[in-house]
**Q** 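Shown below is the structure under consideration.
None of these values were measured; they are calculated from a predicted model. Here is the naming used below: chain letters follow the sequence lines, and residue numbers restart at 1 for every chain.
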Amino acid sequence: MTLVYAITIAAYVGCGLYMMLSRHVVRMILGLTLLTNGAIFLIFFSGRIGSSMPPVIPQGSDALSADAANALPQALVLTAIVIGFALTAFAIALALKAYRSLGTLDVREMKAAEALGAPDAPSSSQTVTNHG
Amino acid sequence: MADATALLVLWPVLIPIATAALTAALWKSPVAQRRVGLASLALLLVASLALVWAVIDEGVIAKQFGAWAAPFGISFVADPLSAAMIAISGILAFAVGIFALSDIKERHERAGFHPLFHGLLAGVNGAFLTGDIFNLYVWFEVMLITTLGLLVVQRGRAQIDGALKYAAMNLFGTILFLIAVALLYGATGTLNMADLARILPQMEMSPGLTASALLFLAAFGIKAGVFPLFFWLPASYHTAPIAIAALFAGLLTKVGVYAAFRVFTLMFEMEGGALREIVAVVAALTMITGVFGAAIQWNVRRILSFHIISQIGYMLMGLAIATPVAIAGAVFYIVHHIIVKANLFLLAGAIKHAAGTDDLRKAGGLLKSHPWLAVLFLIPALSLAGIPPLSGFWAKFLVIDASLRVEAWWLAAVALGVGALTLFSMSKIWMEAFWKKPVLVRATPRTVPVAFVVPIALLGAVTLTIGLFADPFVEYARTATAMLVDPTDYIAAVFPGEAPVRTVEYPAATQGAIE
């Protein structure tokens, strides 16, 4: 079973990395989410999938029973999912804004920051016609 | 330990978080936000200095959240290194807050400048204080999201473009961080740094742990802007408004360096594998590429952005050599650099204001029109280049001295050469902006606002103090290093009344993860 988990994570991370290499911003963001999911799976499986007994201390006892599930990875995964969600939402909003103000989602065409104060161009932020 | 002392560890995070919430609640009134923000920064400065005082007085201070004993709860730990970082960020935040009064326009404030600014400070201080590796990841994300927000408070084309490039690389970096944490947790079953410091030295470096260490190095490397992972930095820093860029330049990359120091002294050993050689080569290349990148630029902010990178190399050099002398030098270097680099960015803002441009080819004549600005520029500029008796000289001296002691000649040679080239860049700014005859003669000289001059003078005074009275600061850096190299005090503070080796019984949940 561990091998299946490992292959799943590898597939997620591999696809994510490949997508991140794209010049297209939307593909890049998709790659980012795949990578995040790969990392989340990794945390989850790092905590070992064993028992599924809820980690609740039974009444009258003052310690967990020996076969309770490990609750920590779930807490970590929950945090990571929330953060990943927020950052993905921000990245998509940023991409949308970039498309509206720069008119492209191809990173090769995005040179507005590069042109601002570039050594070989006049320091007008509107000039985007350098660097061939 | 008195409870009030333990609470000191929380104030540097609580104050900015509360201020971020409060300023967000005051969204409609930028004036009220400004007042609340400045009062909070003053309070933060006091709290930060109080923390350093307490740490000098009592040693390492730890606080467990919700009274959950370590390693189950989240710990906040202030050792001398974190306390110094907190104090220096407190000073910097206060100075930048004053500068922002004139620099940040109302449209920036309406776009959420104040909540984001304080949110960033909370993230930075949280990262310095936390004693839990997953919590460190969370603070990194707090920093990242607020940074992205600050980059786009001015919604121009260049800002959007810069933010997108910043986002792509740094989001990737935090995912690497998350993967490293997952591998570490899988191998050790704990996330508490003090607990890891007890467990890891006894463990064999398995492939999982080695991968984890290298991923930590890459993740912090992206954050710190080291070669070859620095390209997001010069692509974005120069687009932000000056006050924001100064805060980024002072703090953000240094959080990455701090995290690397924490992880690679407390948890992983620099000796293992080829880690040390990798870091040494990366440090040298970071210094060289940064300084040459700066040499061809004509825009003040771009020159300074590249110099952040080259200076990071010096700090990493200390980590690569990894002797106590070298680490002490690097700690001193970080403290000195935060102040100097932010001050230079503030000065870039003043130059831009006085000359009407930040393109050096079009500026000039400021020596005649703003002589005091020239003096204030010389302090951080010469300090950055390492001219005695300023703070940068001692910082470079300590690091290079350490490299000579371990006979790393090539590293010392690179550091000295890069120092000379730094002087070239600084004298370029001096010659072009201050010395040269003005290209355009103005009928009425442009005055620089008081809110620009006060923080520049304040940070200049800090630089002079560190330079002229270097001894107590070096001594402090040595104390901090002693605690980094030998984490007994750190562990003892987090686990009061426990033997250094783990003997407590762990509930089944964690036990299952270890086996």
**Q** Do you know which of B:Leu164, B:Leu144, B:Thr174 has the most heavy-atom pairs under 4.5 Å to chain A?
**A** B:Leu164
**Q** Where the side chain of B:Lys165 meets the backbone of A:Val107, is there a donor-acceptor pair that is under 3.5 Å apart?
**A** no
**Q** Are there residues of residues 28-38 of chain A whose heavy atoms fall under 4.5 Å of chain B's heavy atoms? If so, which?
**A** A:Met28, A:Leu32, A:Leu35, A:Thr36
**Q** Once you round to the nearest 0.5 Å, how far does CG of A:Leu72 lie from CG of B:Leu191?
**A** 5.5 Å
**Q** For atom OH of A:Tyr5, is the number of surrounding heavy atoms from other residues, nucleotides or ligands below 6.0 Å larger than 12?
**A** yes
**Q** Looking only at heavy atoms, what is the nearest atom pair of B:Ala158 and A:Ala113, with distance?
**A** O-CB, 3.5 Å
**Q** B:His108: what forms a ring-ring contact (aromatic ring centres under 6.0 Å, His included) with it, not counting sequence neighbours?
**A** none
**Q** Where does B:Ala167 contact chain A at under 4.5 Å (heavy atoms): side chain, backbone, both or neither?
**A** side chain
**Q** Above 12 or not: heavy atoms from other molecules or residues under 6.0 Å from CE of B:Met431?
**A** no
**Q** Between B:Trp298, B:Phe172, B:Tyr137, which residue shows the highest count of heavy-atom pairs closer than 4.5 Å to chain A?
**A** B:Phe172
**Q** Please classify the contact of B:Leu148 with chain A as side chain, backbone, both or neither, using a heavy-atom distance under 4.5 Å.
**A** both
**Q** Can you tell which part of B:Leu184 gets under 4.5 Å to a heavy atom of chain A, answering side chain, backbone, both or neither?
**A** neither
**Q** At what distance, to the nearest 0.5 angstrom, does CD of B:Gln159 lie from CG of A:Leu116?
**A** 7.0 Å
**Q** If the contact rule is any heavy atom under 4.5 Å from chain B, which residues of residues 84-104 of chain A qualify, in numerical order?
**A** A:Leu87, A:Phe90, A:Ala91, A:Leu94, A:Ala95, A:Lys97, A:Ala98, A:Ser101, A:Leu102
**Q** Sort out for me which of A:Thr79, A:Ile43, A:Leu76 touches chain B most, counting heavy-atom pairs under 4.5 Å.
**A** A:Leu76
**Q** For the residue pair B:Tyr185 and A:Gly47, what are the closest heavy atoms and their distance?
**A** CE2-CA, 3.7 Å
**Q** With only heavy atoms counted, which part of B:Val152 is less than 4.5 Å from chain A, the side chain, the backbone, both or neither?
**A** side chain
**Q** Quick one: which residue pairs count as a ring-ring contact (aromatic ring centres under 6.0 Å, His included) with a foot in residues 11-36 of chain A, not counting sequence neighbours?
**A** A:Tyr12-A:Phe41
